[in-house]
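Just so it is clear, the structure is predicted and the values come from calculations on it, not from any experiment. Reminder, nothing fancy here: chain letters follow the sequence lines and each chain counts from 1.
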Amino acid sequence: MNTIYALFPVLIIVAASLLVMILEVFLKREDRSYLAYISLLFLIAAAAGCVKFWDKGYSYFDGNLSLSNLSLFFCFILIIATFLVILISMKYLTLQNANYGEYYVLLLFALSGMIIMVSSSDLIVIFLGLEVLSLSSYALAGLRREDEKSNEAAVKYFLLGSFASAFLVFGIAFLYGATQATAIPSIVEGLQSGSSFGTLGLVGLGLVVIGFGFKVAVVPFHMWTPDVYQGAPTPITAFFSVGPKAVGFAVLLRIFIPYFKDALESQLMFGLLWIIAAITMIAGNLIALRQTNVKRILAYSSIAHAGYLMVAILAQDTQSLVFYLTAYLFMNIGAFAAVIALGKKDHEYLELEDYKGIGFRYPWIGATFAVFLISLAGFPPTGGFLAKFYVFSAAVRQGLVSLVIIGVLASLVSVFYYLRIIIYMYMKEPSYDVEINIDNPSLFLALFLCLYGVLQLGIFPGNILVLISQAVAALPF
Amino acid sequence: MAHFLFFLLAIICIASVLGMIISKDQAYTALFLIVAFVCMGGLFGLLEAPFIAAVQIIIYAGAIMILFIFVVMMINLRKGVGPEKKKWTMYFAVVIAAVLVVELVLTLKGTLEPISSAALESLGSPTDLGRLLFTKYLYPFEITSILIIAALVGAIVLVKKRDKE
Amino acid sequence: MIPLNYFLVLSIILFALGAIAFFVKRDLITQFMAIEIMFNAANLAFLAFAKSAGSLDGQIIVFFVITVAAAEAAVGLAIILLIFRQKKTIKSEDIKLMKG
Amino acid sequence: MEIPILSIVTFLPLAGALLFIFVNRDKENLLRYLALIISIATFIVSLYLYFNFNAQTPDPQFVEKGPWIGYGINYHIGIDGISLYLILLTTFLMPIVILSSWTYIQKRVKEYLIFMFLLQTGIVGVFVSLNLFLFYVFWEAMLIPMYFLIGIWGGKRKIYATVKFVLFTMLGSLLMLVAIFYLYNLFYKATGTYSLNIFDYYRMILNPSVQVWLFLAFGLAFAIKIPMFPFHTWLPDAHVEAPTGGSVVLAAVLLKLGAYGFLRFAFPMFPDALQKFLPILGVLCVIGIIYGGLMALIQKDVKSLVAYSSVSHMGLIMLAIFALNMEGIVGGIYQMLNHGLSTGALFLCVGILYERSHTRMIKDFGGVSKQMPIFSAFFMVCILSSVGLPGLNGFVGEILCLFGVFKANKILAILAVTTIILAAAYLLWMFQRVMQGPITNDRVRSFKDLNLREIIFLTPIVILMFWMGIYPQTFLRKMDVSVANLLNQVNRKEVIFTKVKKENNPPSYILMEKEIKKDSTAKEDKESQ
Amino acid sequence: MTDYFWLIPFIPALSTLILVLFGQKLPKKYVSFQACFAVFASFAISVISFIGLLQTSHEHLPIIKNLFSWIHAGSFQADLALQLDPLSSIMTLVVTGVGFLIHVYSVGYMADDEGYTRYFTYLNLFTFAMLILVMGSNLVVMFVGWEGVGLCSYLLIGFWFDKHSAANAGKKAFIVNRIGDAAFLLGIFFIFTHIGSGEFSVINAAIGGGAITQGLATLIAILLFVGATGKSAQIPLYIWLPDAMEGPTPVSALIHAATMVTAGVYMVARMNVLFTFSGSANSLVAIIGAVTAVFAATMALTQNDIKRVLAYSTISQIGYMFIGCGVGAYAAGMFHLFTHAFFKSLLFLAAGSVIHALSGELNMQKMGGLRKYLPLTYPTFLIGAIAIAGIPFLSGFFSKDAILTSAYANGQYLVWALGIFCAVLTAFYMFRLIFLTFFGNERLEPEAKKHLHESPPAMTIPLVLLAFFSIVAGYVGLPVVVGKDLNFFGRFLEPVIHQAHEVHLSLGTEWMLILISIAVAVTGIFIAWVFYIKNPKIPKNIVARFPGLYKLLYNKYYVDEIYNTLFVNSTIKGSEIVYDHFDLKVIDGVVNGSAKTTNFFGKVLSYFQTGYIKDYALIFLLGVILLLGYLLF
């Protein structure tokens, strides 16, 4: 149905950010938490809108903006992610000297960019959305202005991100040249019709893969990830590890699931993604073994997870991909939330050495962190396990047995470094006292929500699976 | 004539990019870039995109490069850093560039013929362009506004003076 | 009439040069300039394809790309300024606090 | 309304663990008593299973089935004569473990008990699962509490040991997971419905060449868990470093999961592959028996000695199970229970010594019997049970195992019989060095004999040892039908596939269509989606 | 009267249970009373059952009491069943009778030991196990007793476990026994697989019905016999018995002389149908028995430890019993077992009395002239010695003669010759022992001399009783030369010993054989007299003449050492090498190595993560190139 309602999610988020931007000027520094509450309120409204529009299939601008169930589902989890990120940021910003009202503005802009991306199937719109997301992200990464690491993260992210964007644009240009279209369905159709522009289209597609591969951090376009994740303010890292990854895969999904339908035409691309998935899983996990900084460990882990998600793309199973992303959202934000919880004024505890004995000193934080790590490692009965279960079983159904074996072996490696954090938390005696700020209710709410999400998805995922299957039923998007 | 213009512009463009790579002076670098962008504008014109050519020169060569120069002057590192001195890096760079060019050109193999044969008189006037922008491309156009605000906010928050405690 | 693939080859060369410039140059500003060259190369390709397709869509896209480049320039230069304020340098080699 | 008795047995400990979260950690004794009560309650409830178990039918009993996630993933549990006793063993040992940890665990009591209960739920869950997914969930989930138990309350090299344990075990189980995917998919292709119900897989007869790979994947997981030679090196490390309670559970129950897995999954699903691998497996088992025994002989640490003895004993159990005859399998299962009791008890005894001396090195002891006569008696009984002395449980199992093996393959049996010599050698030698001889270490002189609590937790084990040794029919008679059914399953498939094999192009699976249709499981799954 | 025979083993069992549970709290006197009474009660029932058995006709034999079904799984069916037949009846009489006397003796002997209660607990347990062994109606139950007595032997040898040597000896006994048991077990398995049951009656019937081939029978018989060599201390598994003397002396008397060690003989007799059917297994039994007899006797020649001499003598005498069984004269073998139980336990107990008197001195070189100090011990000892030496009219003469005659009659002349040779040696070393201990000059340690005293009545009364039986026990099995059908023993056993061999020798030959036996016995005694009373220098001269031979004998042919190097040490050394170089380096090495390799790759990969933007760009570009290359080529 072509209606202006379709604009609702984007509009409300943009409106929220503008409102926050204006209010920021009038609010005193200590009252800035109201900005967060306002943002949260708007996010709830947006989420409610997503719920309301379920199964309605609204679209606008000739389909440039279409709220299919899948889009709505993505919107919904992105809003949840942002919601959680705001929750974990509130206290953090004051503690870590980054209490700018613009923080929420940028975060909401980034969210709007992501919503634009997932609710469109036109590469131009997606590109613009991506740039909205990216520009906000660059700024967010550098938001702890006094912190050299944060600066460094911003500049690395910015330079490499723009570099990758250039490839993306070039790729879009090639695709445009090959198919005279920028809408994904037409492009896929054009590519599959086997025109004489085969190679041009293929290379264009390859360049697009590079562009988005950078965003979702697959090897070898992952190099920025650990540095940016380490340097960026931790809530933002949590955001980076979930948001851009989700939208990146949402786009790849739109392109490749229809594209892979035609097995003959897509063989080359399939092989390419196969290789990328394999090396991503392997390299991400292997490098993570060597890390001693928790944020870096989680960074490499998110690279590895991109590999698993790539497997889902190859398995051409939207459902498992979406489920994986949902579970990943909760466990990863949860893990970062736990990392944030271990901080005090002007200092965060990020080295493994700091984690010695934390598990018993702060039993609740320790236990929830352990649950997230266990989930990331893929142990039942957590969402992480079920997510891997779905992805890999879908992959086996596609006959990707060897890739799945690589995947499970890689995740075996991952068990080591996830459990390593637990070792430090529970099995080593502290060598010095770690004082943290416990007065952080919003953070604990976020921790609880993530914990709930991880366990709910692991033990009783029924409802969400139903939702996802409804979302997927609307294919093609 | 058109050929001549094309090659002239192309050579100047490539040369100034090379100049940018080789030059050590920040200001020269920026100037080389402006030259390249202007040439690019010319090339756009050759491709029957007068409006875009104008935009290119105004926004790129004008606004963006002024911004660059502005920053260069703020930083005031006139004796900046040249390109990499280590020889292997340069060799490496040349090899990579060559391979990249070869690969991408090979991509065009099949496309060479159809594109060159397609010779159309006119694509349309800036009016058509404007109409298109506000009808078919309204949504992306609106998005650019979000993009610009976001960039604005981002830029400001990063460079504004820290407010006092 | 100039064959359009001339433009495409030029675009490819410029793109490659931009990529290489990003790799060989050692200060942040120039590296960023290299990226602008790459964007321009892409624009050239777009226009060429637009010409071949005989539609204005390509030109519109270029318009958007230029907007994006402008916006990026704003943020990018702000970041570079930030770095300069903190570190008094814009050499990209000096930015290696985090690694491994 | 049926009482979901099996769910209660499975999840009562979990409920206990959840309850514990809300108990103040400083009230350690309250926690301990609560834990004891919960574990005893679980045991009592599990006794209901025994008394109401119908020994006449091979079908699973106390079945509970409910929709869960869909796509074939159901909550489907039930027990037969094979799992019944393993569950009882688990629930029986848990109060003992808790009692044994009463003073041994001084710090972080709360967490310890929580992990113990989680572990129990995991273990019992594996035994009751009739759905492959459910089984795998429990199988993997169980690793976590064990990981913590070793890692937090373990000895000096605890981290190395626990990481090795988890990674090693996971290596196998992850490959098994891939195999499960493969089966899952194959079943879907065959019937168009999703199912992970193991009985459906019993009816799906796979092409032998497919079976080989799947069997390898499943087998590796189980072989590591057992552990079979040469996958055993995690065991001594884990055992040595684990706290007493952990070692007891590890030795008594966890190792049985591997054997159980073979019986429940690998055998009936891949009988042809099983036949193919039998020679290798048999040889590995025999190597394990002798090798484990020889290694045990020279260990300097009591716990690692017992650990290697486990390798040897589990080798015999597996060999008996691989004999694929009634005597062997019944003996194997019985011996699993025996091994659970005797090795568990040995670890308890070692724990008692450790609590007094804080060393496990054999050379630090000597003449302990003089100081601790009551302990000495208990220890002796446990050793004798492990050695397989008639009148005690070990003998019944051992003779059945060896006889089963003997019926299947005389040469392997002759080699396997060496176990009764080796077991006597390493255990009695250890006993001699630890308990007998003059007191050389002054510390030994300060040892106090067992206190009431220790006597209380050792006594039931010893009574059971005698009971199982003297009147094994209590246990044996409820296994027969289930084991016979298993053997039928294993043999039946062979016959069917040889019929089909004559075709030129054997399919990758054959379904026994009629039975599938008769059975409503597949349909229900469809509806539940 | 046989209704309650199954109670026989369970009375000591009950007593054991009570002692285990409450023993520590009960007074010593009560403990000993209960322990002795339990055995006595068993003895009483044994006697009653025996009488009942005499009245039962052969058709009703054996009387089986099936207590409950024990192990039932597939084709392996074993019930806990006891049987009463002549063979088990005799054994129960011996076990409970001699056992009772030894219990009584122990009351005195162990009076001051701190492990008093524990001792009687073990002793009762042993009685129980031994009774199960002899009364089991199938092989599995027999095996239970078989292992049970092994355990008790282990416990009692290591009774004084705080002595290294005792603990070691106990362990050695158990393990060596286990080697035999393993073979025994295999034998049982063969029987179960080919006959399908372990019940003796079924087995006998099946073998009679030709259920197994002769070759298989031989294999089974040999396996069972290997078990017997372990339990009964025959070559090659005899090595544990001499060490077993570390236990208290009454234990040596009961377990390592009278009852347990003869279990092997009992078992062979029990399985006589099998052994006879096999034939060649029988010959092996005879040869092993004969060789062991001589071999052990030679080792006894030079020992100075009074108990060790008796231990070797036991080995040697059991060799005789096996000769009996091996030549088919199972009744004779059993007869020797019967008489041996009396005189050998007598000897041990008497030796115990000596040791007790000397406060634990075992070395005969430090005794001498004890005759006058131990007025009761000396004569009883002497009776035992005469009995074992084979002097007529004492029990040993009859039984030994019956065996040798059967051997000769069966044409096993070599075996017979070895037996005769052994008889010389036996007479010699027994009287060497008598002379060294009770005659000659006193070579006592001053400390020991101080406490020198005759033993209390609790010890001497059993001695006297046993001495009495050592004299008369032989008269239940008189040889043919005395009169036909006077061999009550043999006739009594006939229902069990199928196809019992009739001795087909002329009376003259029989007489000749008897005379030869007597002659060699007397010769042996005479030589001993010459060596140790008449001219004590001769032994020293001989030692000086043949130092090598003496050393060889004194060190027991170095068999222990050879076994140690060959089996024990090499196993341990080998295991250590395997552990260090294979288990830790190879198997564990693979595990740790794979972890290290993984980590190494991680290190290599993280090396690329340099932190420089341009390096990241480089990797990115390389990625692009490879990716495009893949797509294009």
Review point. How far apart are the C-alpha atoms of C:F64 and A:F127, what are their side-chain angles, what is the distance that settles it, and do they pass the ring pair (Phe, Tyr, Trp, His ring centres under 6.0 Å) test?
Key: CA-CA 10 Å; C:F64 287 133; A:F127 171 66; 9.3 Å; no
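- Counting all heavy atoms, side chain and backbone alike, A:R420 lies closest to A:L289 at NH1-O, 3.3 Å.
- Among C:L82, C:I79, C:I12, C:I61, the residue making the largest number of heavy-atom pairs under 4.5 Å with chain A is C:I79.
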I'd like a table of donor-acceptor pairs (distance under 3.5 Å, sequence neighbours excluded) in which one partner is a side-chain atom from residues 35-46 of chain C, with atom names and distances.
| unit_1 | atom_1 | unit_2 | atom_2 | d |
| --- | --- | --- | --- | --- |
| C:E36 | OE1 | B:Y60 | OH | 2.7 |
| C:N40 | OD1 | B:Q56 | NE2 | 2.8 |
| C:N40 | ND2 | C:E36 | O | 3.2 |

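- At a 4.5 Å heavy-atom cutoff, the contact between A:E131 and chain C is made by side-chain atoms alone.
- The side-chain heavy atoms of C:D57 and A:I124, taken from C-beta on, include no pair separated by under 4.5 Å.
- Side-chain polar atoms of A:Y417 and A:N285 form a donor-acceptor pair below 3.5 angstrom.
- With a 4.5 angstrom heavy-atom cutoff, A:L159 touches chain C via backbone and side-chain atoms both.
- Residue C:F22 touches chain A through its side chain alone, counting heavy-atom pairs closer than 4.5 Å.
- Counting heavy-atom pairs closer than 4.5 Å to chain A, the top residue among C:V68, C:V65, C:I60, C:L28 is C:V68.
- Scanning for side chain to side chain contact (heavy atoms under 4.5 Å, CB included) contacts around A:A299 gives A:P226, A:Y229, with sequence neighbours left out.
- Ranked by heavy-atom pairs under 4.5 Å with chain C, the first of A:F167, A:F174, A:F158 is A:F158.
- Highest contact tally toward chain C, considering only A:L135, A:T292, A:L128, is held by A:L135 [criterion: heavy-atom pairs under 4.5 Å].
- Using a 4.5 Å cut-off between heavy atoms, C:A19 touches chain A through backbone and side chain atoms alike.
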